[in-house]
K.L.:
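Structure below; questions to follow.
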Amino acid sequence: MLSTDAVARRLTADGDLDISAGRSQFVAGLEGVAAGIRARLELIRGEFFWDRGAGIPYLENDYVTARDALLGQAFNEARARTAYAAALLSTPGALKIGRLDIAFDNRTRACRITYQVSTIFGDTAVTTVEV
C-alpha cells in the first residue's frame, strides 16, 4: 500500500464491520474510497465523539439546527443535495461527483440517493442508498 492510498475498514452488505477472518478487515484504493463514502453517508452529524460536526445533518440535535435537519420537516432537495455532495467530496481520494440523484417518496417518507464518484483510483460503481 502506498501512503496515498485511501484506507478504510471493510463493511458487510448491511453496514457492519467485516470480521469474517476473526478481526477487522481493511481495504485500500478504489474499494477504500467507496467504503469511506458509505461510512460518511451513514454517519449522523453529532454522533461521532471525535468530531461532532462530521456526518449528514439528518436529525435535529445539539449539532444540527431544526432549519438544517434533513428529516423531521418538509423535504428540501437543495438542502439534501448540498449535504450529500459535501459528504461525497470530503471523502479522501474523491475528486468529483459524476452522478448524484435524489428521489423522495412523500408517501413512505423515504429518500433514495444514487451516486457515482470519480476518485484518484477510477470511478466508483453507481450506488444507491435509502434513508
Side-chain angles (χ1 to χ4, degrees):
M1 238 181 310
L2 301 174
S3 62
T4 58
D5 285 351
V7 177
R9 285 190 161 88
R10 178 172 285 148
L11 302 176
T12 63
D14 61 0
D16 292 331
L17 286 175
D18 181 356
I19 55 170
S20 59
R23 59 189 169 109
S24 183
Q25 303 294 307
F26 288 88
V27 291
L30 184 58
E31 189 179 356
V33 176
I37 288 171
R38 181 173 169 190
R40 278 175 166 64
L41 294 179
E42 293 176 353
L43 181 63
I44 298 169
R45 184 169 297 159
E47 176 179 56
F48 182 45
F49 75 95
W50 199 278
D51 182 358
R52 300 288 186 179
I56 303 290
Y58 286 117
L59 305 168
E60 177 184 358
N61 59 38
D62 290 343
Y63 306 94
V64 179
T65 65
R67 183 180 60 95
D68 294 332
L70 299 180
L71 304 175
Q73 56 190 314
F75 178 71
N76 182 318
E77 184 174 345
R79 187 179 317 139
R81 185 170 299 282
T82 299
Y84 290 117
L88 294 172
L89 292 175
S90 70
T91 306
L95 298 175
K96 69 177 185 171
I97 298 171
R99 177 179 179 182
L100 179 56
D101 300 327
I102 300 173
F104 181 75
D105 183 336
N106 279 318
R107 186 181 59 76
T108 64
R109 307 269 312 149
C111 186
R112 182 179 298 234
I113 302 96
T114 302
Y115 64 90
Q116 184 273 322
V117 176
S118 295
T119 77
I120 59 175
F121 305 104
D123 294 344
T124 65
V126 174
T127 306
T128 301
V129 295
E130 191 169 305
V131 294

K.L.:
Shared ILVMFWY cluster between V33 and L95, side chains joined below 4.5 angstrom?
P.N.:
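In one cluster with V33: L95, yes.
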K.L.:
Do any N or O atoms from the side chain of R40 and from the backbone of I56 form a donor-acceptor pair under 3.5 angstrom?
P.N.:
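Checking the backbone N and O of I56 against the side chain of R40, no donor-acceptor pair under 3.5 Å is found.
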K.L.:
Rounded to the nearest 0.5 Å, what separates atom OG1 in T119 from atom NZ in K96?
P.N.:
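Going from OG1 on T119 over to NZ on K96, the span is 12.0 Å.
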K.L.:
Supply the atom-to-atom distance R52 CZ to N61 CG, rounded to the nearest 0.5 angstrom.
P.N.:
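So the CZ of R52 and the CG of N61 are separated by 9.0 Å.
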K.L.:
For R79 and N76, work out which heavy atoms get closest and say how close.
P.N.:
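Of all heavy-atom pairs spanning R79 and N76, the closest is N-OD1, 2.9 Å.
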K.L.:
How long is the span from the CG atom in D62 to the CZ atom in R45, to the nearest 0.5 Å?
P.N.:
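Reported value, rounded in 0.5 Å steps: 13.5 Å.
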K.L.:
Does the side-chain contact (heavy atoms from CB on, under 4.5 Å) test come out yes or no for L59 and V64, once each step is laid out?
P.N.:
CA-CA 7 Å; L59 305 168; V64 179; over 6 Å; no
K.L.:
Please table the atom pairs, donor to acceptor, closer than 3.5 Å between any side-chain atom in residues 111-118 and protein atoms at least two apart or in another chain.
P.N.:
{"from": "R112", "atom 1": "NH2", "to": "E130", "atom 2": "OE1", "distance (Å)": "2.9"}
{"from": "T114", "atom 1": "OG1", "to": "T128", "atom 2": "OG1", "distance (Å)": "2.9"}
{"from": "S118", "atom 1": "OG", "to": "D123", "atom 2": "OD1", "distance (Å)": "2.9"}

K.L.:
Is the number of heavy atoms from other residues, nucleotides or ligands within 6.0 Å of CZ (R67) greater than 12?
P.N.:
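Result for CZ/R67: open.
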K.L.:
With no hydrogens and no angle check, is any side-chain donor or acceptor of R109 less than 3.5 Å from a backbone partner on L71?
P.N.:
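Pair absent, no side-chain N/O of R109 close to backbone of L71.
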K.L.:
Report whether L41 and L43 are members of the same hydrophobic cluster (ILVMFWY, side-chain heavy atoms less than 4.5 Å apart, transitive linking).
P.N.:
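No.
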K.L.:
Look up atom OG1 in T127 and atom CD1 in I37, then write down how far apart they are to the nearest 0.5 Å.
P.N.:
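Reported value, rounded in 0.5 Å steps: 7.5 Å.
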K.L.:
Does anything in residues 53-86 pair up under ring pair (Phe, Tyr, Trp, His ring centres under 6.0 Å), and if so which pairs, sequence neighbours excluded?
P.N.:
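For residues 53-86: F75-F104.
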K.L.:
Say you draw a straight line from CD of E77 to CD1 of I102; how long is it, rounded to the nearest 0.5 Å?
P.N.:
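Spacing of CD (E77) from CD1 (I102) equals 5.5 Å.
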K.L.:
Could you state the interatomic distance from CD (Q73) to CG (D68), rounded to the nearest 0.5 Å?
P.N.:
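Separation between the atoms: 8.5 Å.
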K.L.:
Side-chain heavy atoms under 4.5 angstrom apart, residues restricted to Ile, Leu, Val, Met, Phe, Trp, Tyr: same cluster for L89 and L30?
P.N.:
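Yes: a chain of side-chain contacts under 4.5 Å links L89 to L30.
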